[in-house]
Each structure stands twice: as structure tokens, then as C-alpha cells.
There are 2 protein chains.
Amino acid sequence: MTDDARLEIARLEVSRHAARLFWEKGFDATSGNDIAAAAGISTRTVWRYFRSKEACVEPVLKVSELRFAVLLGEWPKTESIEQYLARSVTAFVSDEAFIRDSIAAVRILAILHREPALRSAWLMACHAAEMELRGVIADRAAQSAEDFEVRLCAASITAAMRLVDEEISAAVINDGVQVSSEEATARIISAIRGAATLPICDAVT
Amino acid sequence: MTDDARLEIARLEVSRHAARLFWEKGFDATSGNDIAAAAGISTRTVWRYFRSKEACVEPVLKVSELRFAVLLGEWPKTESIEQYLARSVTAFVSDEAFIRDSIAAVRILAILHREPALRSAWLMACHAAEMELRGVIADRAAQSAEDFEVRLCAASITAAMRLVDEEISAAVINDGVQVSSEEATARIISAIRGAATLPICDAVT
DNA sequence: AGACTATCTGTCACTTAGTGACAACGGATT
DNA sequence: AATCCGTTGTCACTAAGTGACAGATAGTCT
């Protein structure tokens, strides 16, 4: 494992504690010392890992978005998005750690309206996901990741996923609505189909 | 004028100084005291106006994006986007204050790659523009601003405008490329057409 | 005009976010 | 074992950001 990857994992682990504390006590009431104590590291290391307090949640938000991009990265060219997700989402949502991170992320998204600082972290996480998605779309569209069309498509799809994530999170946490993973997947697919500016949703030749 | 509007203007004025300082000295090398001194107000007032140092640039970034949304808000239903912008952009880009703010915004966008904190401010500004755009699109599509379709369209178009803005800014400032306002408009129109998920770009009935 | 009210601003003391410098630790290499 | 190299903790420090209060400002009522 590379040093970079190990650092990413360490950051993610601290990020989980930060997300929990922000959810339990609120962003303002949580200090860098609190996060350090919860994660069992020194405060200095918290600030070495993250450039600001809000950035402490970026990793958990990022993995939730990114794993979806990674999933799409393994999407065979011969399948439509419906076909592929129908069979792959099950395995996707049965990973314990992923579920825990997802719940943490959903909780953060549900309090975005009260915590502007966390929204900026969320938008940064979406931006990271967008960068990742460029490669996936470039591959599927058989174009360069630098092409404007590809970048536009990645941005649109990321925006669609962001909207769906925010909406479902607010509904589940704030309004107590139950949303099955099939329903969530269906809404994401529909949003992606609507937003995709390149013909990547169906099988490509 | 309402109190809110006066406060917005005061904030924008401070924001212009902050943007200039961030451009001239860099984000880290500019302190809250520097911004206060440049704007001729007390440091305390800076922190009353803005929740963080990066948020100090949000207003200048926001007006650049927002004025475009406002312009689109006056777009007659009988015209296509090309027809409308062809005749309205001229008046748009002849406003002195607007030009100055645009230059300030462009400079900030051009240094995003070095200053992650400023990117989060930029994304927040785009988010504000997206919220505004919802109303415009709802009107043109004769749907509610709360409809998912409308919100998705606003998000996609905002993402498109964000990409074009970043690209043009980096080209102009970092690579010294010359971009005429016609060219910039053409690229924005093309991106909006590509990204719009509702049929709003042509005349609507 | 003058008193009343509400909002805004500056001052100052304070807390917490975030950095710089250096020493200590641990794991890999020779 | 000696050494190298990246990571962490400690500690002192700077700068971001807040709370409390008092003076200034502006609109309103009589």
C-alpha cells in the first residue's frame, strides 16, 4: 500500500469521528480538541490531516459519492445503467463499513440547512467525485477526460447525484420517511439519465 | 431599500477589497485585519459580515454568477437563448461596476487550483446562483421551483456555467489567451444548451 | 425640535482554529 | 548496530472568530 493511501485511510478514520460529533453536538459546539480526543490522536495531527474544521467531514462525504463513481467505473459497456445497477447495487449496499459511512454522510446532508460550513465541505466532496467521474465517463464515451463534453457530462451527473442525495437524506432524517435502496437507486438512475449530456446510459458499442 | 439589501451592498463592498487582497498577496498572506483596514471598517465588523475568511469573496463571485441568472430572468418567452443574449449581453457588459467585479471574480477563479479555501467559496457562490436560477427556470418551464425536474435543470445549467467560467478564467489569466465577450457568450450558450434538461432554450409557448 | 427606539458599529477581552519548530518514535535499509 | 526517513506529539505562538457592552446612527412619534 502506498503512503498516500495509508494517509487517506487514517484521514477517513478521523473523519468518521468528526462526522459523528458534528451530528451529535453540532458543528460549532465541536472543537478540534474534541475530534482529536475522539480519534485518539493529538490535536496537532488533526490540523495536519485537515486544512480546516469543516474539511474534517470531507472524507466520509467523499467516499459515499466516490464509491458510486468507482462502481460506475466497473460498468460493462454492454449493459445499460439499469441492468448494471440492478445486479451490482446489492453487493454494494451489503458492505458493513460502507453502510456506516453512508449513514454518517446522510446525517451530515440532513443538517446542511443549519450548518453552512458543512455545505461547503459537501460541495468540495462533490467536486472531488466529479473529478473522479470524468475518467469513468471518458472511458465509456471513448473520449478524453479533458474534453469539454466529458467534463460537462461529469458535472451534470454529479449535480444530479448531489440533488438526489440531499433530497433523500433530508426526507429520511428530517421527515422520517422510509426509502428502500431500490427506490433510492431508481431515483438516482432517473436523475442520471436526465442529466447525462453524453449517451452513456445505454449499452455503448 | 430594505435593510437586508443595504447589508448585502456593504458586504459586497468589503468583498471587493478581500478579492483584491487575495489576488495580490494570496489567501494565506491576507489577514482579517488586512481586509478590515482596506475596507475602512473594524475587524469585528468583518467577522459580523462573513462567517469565515474564505466567505469574504463569496459576494463578488456571487454577483458575477447571479447577474447572469437575473439577466436570464428577463428573458422573453418568445425568444431563443441565442436571440435574447445576442441583444442583451452588450448592455450587460457595459456596466462599469460589473466589469470590475467580473475581473475580480475571474482572477479568483484563475487561482482556485492553488487555493482550496477559495474553491469552497466559489462552490458556495455557485450554489447561491443555482437557488436563484430555480425560480427563473420554473417560470420559463411553467412548473414549480420545487419540482425535481426544475431543480435538476438549474443544477445542470449552473454546473455548465461554472465549468465555462473556470475554463475561460484560467485561459485568460494563466495562459494569457484573449477571449472576446462574443466568444464567451457563445461558449456559455453552447454549454447551457448541452446541459439544460428542460426545453427552455428555444422560444416557449 | 427633542425624546424614544431599534439597529449597527467599534473596543476589548476572550476562546478556539491553525502553524512553526523541534524532539522523539518506529519502521526500513545497509 | 547505525542511519535514514517519514510520522507524530509537545509546546509556544499567530490569527480566526465570538461575547459583551457602550457609543454612534438613523428612523419615528408627539
Side-chain angles (χ1 to χ4, degrees), chain A residues 1-59 108 114-122 124, chain B residues 1-59 108 114-122 124:
Chain A
M1 180 170 358
T2 78
D3 281 2
D4 263 13
R6 268 196 310 111
L7 192 58
E8 275 305 301
I9 292 173
R11 259 197 268 261
L12 175 57
E13 186 52 34
V14 178
S15 181
R16 292 182 172 121
H17 291 283
R20 181 174 49 77
L21 290 169
F22 290 163
W23 164 252
E24 288 172 0
K25 320 202 305 173
F27 179 76
D28 291 337
T30 302
S31 71
N33 286 330
D34 294 340
I35 297 169
I41 58 176
S42 74
T43 308
R44 186 65 182 85
T45 300
V46 170
W47 304 130
R48 262 198 272 262
Y49 281 9
F50 306 104
R51 69 183 183 294
S52 64
K53 200 169 80 174
E54 51 264 42
C56 292
V57 273
E58 279 178 24
I108 297 296
R114 285 181 248 151
E115 310 272 18
L118 293 183
R119 178 175 297 280
S120 87
W122 167 230
M124 289 293 273
Chain B
M1 181 173 351
T2 79
D3 283 2
D4 264 13
R6 269 195 309 110
L7 191 58
E8 275 306 300
I9 292 173
R11 260 197 268 260
L12 175 58
E13 186 52 34
V14 179
S15 181
R16 292 182 173 122
H17 292 282
R20 181 175 47 79
L21 291 169
F22 290 163
W23 165 252
E24 287 172 2
K25 320 202 306 172
F27 179 76
D28 291 338
T30 302
S31 71
N33 286 331
D34 293 339
I35 297 169
I41 59 177
S42 73
T43 308
R44 186 65 182 85
T45 300
V46 170
W47 303 131
R48 263 197 273 262
Y49 282 8
F50 306 104
R51 68 184 184 295
S52 63
K53 199 169 79 174
E54 52 263 43
C56 292
V57 273
E58 280 179 23
I108 297 295
R114 284 182 250 151
E115 310 273 16
L118 294 183
R119 177 174 297 279
S120 87
W122 167 231
M124 289 293 273

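Chain naming here is simple, since letters A, B, ... match the order of the sequence lines and numbering starts at 1 in each. Values reported hereafter were calculated over all heavy atoms of this structure, with side chains retained and with hydrogens, waters and symmetry mates removed.
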Practice problem: Mind running side chain to side chain contact (heavy atoms under 4.5 Å, CB included) on Leu7(B) and Arg11(B) for me, showing each step along the way? | Solution: CA-CA 6 Å; Leu7(B) 191 58; Arg11(B) 260 197 268 260; 3.3 Å; yes
Identify all side-chain donor-acceptor contacts of residues 26-41 of chain A below 3.5 Å with residues at least two apart in sequence or on another chain.
{"unit_1": "Thr30(A)", "atom_1": "OG1", "unit_2": "Leu21(A)", "atom_2": "O", "d": "3.4"}
{"unit_1": "Thr30(A)", "atom_1": "OG1", "unit_2": "Gly26(A)", "atom_2": "O", "d": "2.8"}
{"unit_1": "Ser31(A)", "atom_1": "OG", "unit_2": "Asn33(A)", "atom_2": "N", "d": "3.4"}
{"unit_1": "Ser31(A)", "atom_1": "OG", "unit_2": "Asp34(A)", "atom_2": "N", "d": "3.1"}
{"unit_1": "Ser31(A)", "atom_1": "OG", "unit_2": "Asp34(A)", "atom_2": "OD1", "d": "3.4"}
{"unit_1": "Ser31(A)", "atom_1": "OG", "unit_2": "Asp34(A)", "atom_2": "OD2", "d": "3.3"}
{"unit_1": "Asn33(A)", "atom_1": "OD1", "unit_2": "Thr43(A)", "atom_2": "OG1", "d": "2.7"}
{"unit_1": "Asp34(A)", "atom_1": "OD2", "unit_2": "Lys25(A)", "atom_2": "NZ", "d": "3.0"}
{"unit_1": "Asp34(A)", "atom_1": "OD2", "unit_2": "Ser31(A)", "atom_2": "N", "d": "3.0"}

Quiz item: How would you label the contact of Phe50(A) with the nucleic acid (heavy atoms, under 4.0 Å): base, sugar-phosphate, or nothing?
Solution: nothing
Self-check item: NZ-OG distance between Lys53(B) and Ser52(A), expressed to the nearest 0.5 angstrom
Solution: 12.0 Å
Exercise. Can you measure from OG (Ser15(A)) to OH (Tyr49(A)) and round to the nearest 0.5 angstrom?
Key: 12.0 Å
Quiz item: At under 4.0 Å, does any side-chain N or O of Tyr49(B) touch on OP1 or OP2 of dT9(C)?
Solution: yes
Exercise. Locate the shortest heavy-atom distance separating Val57(B) from Ala121(B); write the atom from each residue and the value.
Key: CG2-CB, 3.7 Å
Quiz item: Where do Ala55(A) and Pro59(A) come nearest, in terms of heavy atoms and distance?
Solution: O-CD, 3.6 Å
Quiz item: Which residues in residues 18-28 of chain B have at least one heavy atom lying under 4.0 Å from any atom of DNA chain C?
Solution: none
Exercise. Check each residue of residues 30-47 of chain A for a non-hydrogen atom within less than 4.0 Å of any atom in DNA chain C, then write out the ones that pass by number, or none.
Key: Thr30(A), Ser31(A), Gly32(A), Arg44(A), Trp47(A)
Exercise. Go through the steps to decide whether Phe22(A) and His17(A) satisfy the test side chain to side chain contact (heavy atoms under 4.5 Å, CB included), and finish with yes or no.
Key: CA-CA 9 Å; Phe22(A) 290 163; His17(A) 291 283; over 6 Å; no
Quiz prompt | Atom pair distance, as rounded to whole Å: CZ in Arg6(B) and C1' in dT25(D) | solution = 10 Å
Exercise. Grab the CZ-P distance between Arg51(B) and dA16(D) for me, whole Å please.
Key: 16 Å
Practice problem: For Arg16(B), check salt bridge (charged side-chain N to carboxylate O under 4.0 Å, His left out) against everything at least two apart and list the hits. | Solution: Glu13(B), Asp101(B)
Exercise. Apply salt bridge (charged side-chain N to carboxylate O under 4.0 Å, His left out) to Glu58(A) and list each qualifying residue two or more places apart in sequence or on a separate chain.
Key: Arg51(A)
Exercise. Could you please spell out the steps behind the side chain to side chain contact (heavy atoms under 4.5 Å, CB included) verdict for Ile108(B) and Trp122(B)?
Key: CA-CA 9 Å; Ile108(B) 297 295; Trp122(B) 167 231; 5.9 Å; no
All N/O contacts under 3.5 Å from nucleotides 22-28 of chain C to the protein, with atom names and distances to one decimal?
none

